[in-house]
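Input: a single structure, listed below in structure tokens.
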Amino acid sequence: MGQRHEKLGIKQTIQKSWMDKTVQMMLAGMSEQDIRNELDQFLSTQLQSGGIGQRGAKTYGIAIGILSAWFSPEPELALLRDRALQLVRQTPTANWTPMHWSVIASAYPFWHNTARQVGRLLNLQDQVTQQQIFARLIEKYGDRETVARNARYTVRSFVAWNVLQDTKTRGSYIKNTPLKISNVAQGLLLLEAALLATPEGKGSLKSMMNDPAFFPFSLPMITGDLIAQQSNRLEVIRYGFDDFTVALK
């Protein structure tokens with residue numbers, strides 16, 4: 001798990017429609033190789049901006065690698081992916097964002113950590129800038145050019161997914177209205193993804209439910225008792241009347 005937590009990996013903007021197409025092919029029963037072949041053709045004409053145009057194989061090959069979090073997950077992420085796939089079967093395509101987010105955040109903890117820094121800044125101010133986000137991520141990952149570049153692509157993906165909005169000032173963003181999640185199973189999936197994105201694989205339930213990384217969502221009420229009743233993937237340890245630690249089993 002250490003290597004997964006240390007890598008950056010978001011080397012270009014990822015459009016939600018690409019994630020949708022990937023999942024639709026999985027639901028149609030296509031094999032991993034057939035999905036790769038189809039994405040190879042499809043992404044050759046899909047620009048990172050969301051427009052249509054010719055792209056080089058190297059750039060869209062990077063996108064296929066990120067999308068493979070859905071159709072070829074790392075072994076420790078397969079159960080989360082399987083549960084996410086169950087949930088998309090029950091959910092209209094327009095509402096697949098929580099499942100996409102869970103799959104990509106668990107596979108690429110840098111996505112989760114970028115969201116956390118964005119969320120922390122949005123808790124303090126109405127607008128955030130690229131430079132503020134970069135500065136906070138550099139504190140965690142070091143002052144490398146690749147950190148800023150991967151952060152830029154991640155933030156542009158947040159805009160593409162409509163969880164952030166551009167302002168009139170270049171490189172400045174405001175938060176969109178959070179997506180209200182009433183499905184407890186989707187909330188539990190996001191919580192599990194956050195734990196998978198955390199090296200320790202555990203945390204205080206109260207702090208996790210208030211994690212700024214969830215800024216795109218309005219989560220349902222999730223209690224320790226509810227987790228114990230409804231999740232076979234998460235373990236709850238009670239330390240007091242309302243003091244719980246939640247951990248991956």
Please walk me through it: do F71 and I64 pass side-chain contact (heavy atoms from CB on, under 4.5 Å)? CA-CA 10 Å; F71 60 83; I64 294 174; 4.3 Å; yes

Assigning hydrophobic clusters by single linkage (Ile, Leu, Val, Met, Phe, Trp, Tyr; side-chain heavy-atom cutoff under 4.5 Å), is I174 placed with V159? no

Worked check of side-chain hydrogen bond (donor to acceptor under 3.5 Å, both in side chains) between N150 and Y141: CA-CA 11 Å; N150 280 255; Y141 291 95; over 6 Å; no

S106 side chain to L196 backbone, donor-acceptor under 3.5 Å: no

If you define the side chain from C-beta out and look only at heavy atoms, does anything of Q186 sit under 4.5 Å from T91? yes

From CD (Q12) to CG (L43), nearest 0.5 Å: 8.0 Å

Going by heavy atoms in the side chains, are Q15 and Q46 under 4.5 Å from each other? no

Mind checking the CH2-CD spacing from W96 to Q24? Nearest 0.5 Å is all I need. 4.5 Å

Could you walk me through whether L195 and M208 pass the side-chain contact (heavy atoms from CB on, under 4.5 Å) test, one step at a time? CA-CA 9 Å; L195 289 169; M208 294 204 69; 3.3 Å; yes

For K7 and F110, which heavy atoms make the closest approach, and how far apart are they? O-CB, 4.0 Å

State whether the number of non-hydrogen atoms from other residues, nucleotides or ligands found under 6.0 Å of E145 atom CD is greater than 12. no

Looking only at heavy atoms, the pair that brings I66 and G9 closest together is CD1-O, 3.5 Å

One pair to check against salt bridge (charged side-chain N to carboxylate O under 4.0 Å, His left out): D20 and K16. What are the steps and the verdict? CA-CA 6 Å; D20 290 343; K16 178 181 174 292; 3.0 Å; yes

A213 versus H112, closest heavy-atom pair with distance: CB-CE1, 3.4 Å

Can you tell me how the ring of W111 sits relative to the ring of W161, calling it parallel under 30°, perpendicular over 60° and tilted otherwise? tilted

Same apolar cluster (I L V M F W Y, side chains within < 4.5 Å links), V88/V184: yes

Heavy atoms from other residues, nucleotides or ligands near NZ of K249 exceed 12 (cutoff 6.0 Å): yes

Should L122 and V163 be counted in the same cluster of Ile, Leu, Val, Met, Phe, Trp and Tyr side chains packed under 4.5 Å apart? yes

If you round to the nearest 0.5 Å, how far is OH of Y173 from CG of L121? 12.5 Å

Do other residues, nucleotides or ligands put more than 12 heavy atoms under 6.0 Å from D82 CG? yes

ILVMFWY network linking L179 to V118, side-chain heavy atoms under 4.5 angstrom: yes

For M30 against D34, the heavy-atom pair lying closest together: CE-O, 3.7 Å

So, the side chain of Q130 versus the backbone of G171: is there a donor-acceptor pair under 3.5 Å, distance only? no

Shortest non-hydrogen contact from W70 toward T22: CB-CG2, 4.0 Å

First locate atom NZ of K202, then atom CD1 of I237, and finally report the distance between them rounded to the nearest 0.5 Å. 7.0 Å

Could you tell me whether a side-chain N or O of Q48 sits under 3.5 Å from a main-chain N or O of I14, the two making a donor and an acceptor? no

What donor-acceptor contacts under 3.5 angstrom involve side-chain atoms of residues 217-229, with partners at least two apart or in another chain?
unit_1, atom_1, unit_2, atom_2, d
T223, OG1, L226, N, 3.1
D225, OD1, R238, NH2, 3.3

Under 4.5 Å between any side-chain heavy atoms of T97 and N162, yes or no? no

Straight-line distance of S204 OG to M209 CE, nearest 0.5 Å: 11.0 Å

In the single-linkage hydrophobic clustering (I, L, V, M, F, W, Y; side-chain heavy atoms under 4.5 Å), do F42 and L47 co-cluster? no

What I want to check is whether the side chains of N37 and Q33 have a donor and an acceptor closer together than 3.5 Å. yes

Treating T169 as the side-chain partner and S172 as the backbone partner, does any N or O pair qualify as donor plus acceptor under 3.5 Å? no

Got Q117 and V128 here, is their nearest side-chain heavy-atom distance under 4.5 Å? no

Student check: side-chain heavy atoms of N210 and K206 closer than 4.5 Å: yes

Quick one, K21 and E38 - any side-chain contact, counting heavy atoms below 4.5 Å? yes

Quick check on the 6.0 Å ring-centre criterion: do W101 and F158 meet it? yes

Is there side-chain contact between F134 and R152, with at least one heavy-atom pair below 4.5 Å? yes

Cation-pi check, K175 onto F215 ring (under 6.0 Å, within 45° of axis): no

4.5 Å side-chain heavy-atom contact, V147 and K140: no

What's the verdict on side-chain contact (heavy atoms from CB on, under 4.5 Å) for N176 and L164, showing C-alpha distance, side-chain angles and the deciding distance? CA-CA 5 Å; N176 237 331; L164 283 182; over 6 Å; no

For the backbone of S68 and the side chain of S72, can you confirm whether one donor and one acceptor N or O come within less than 3.5 Å of each other? no

What distance separates T154 OG1 from I10 CD1, expressed to the nearest 0.5 Å? 5.0 Å

Closest non-hydrogen atom pair, S231 against L188: CB-CD1, 4.4 Å

Given Q86 and R83, is the side-chain hydrogen bond (donor to acceptor under 3.5 Å, both in side chains) satisfied, shown in steps? CA-CA 5 Å; Q86 290 177 350; R83 181 63 184 135; 2.6 Å; yes

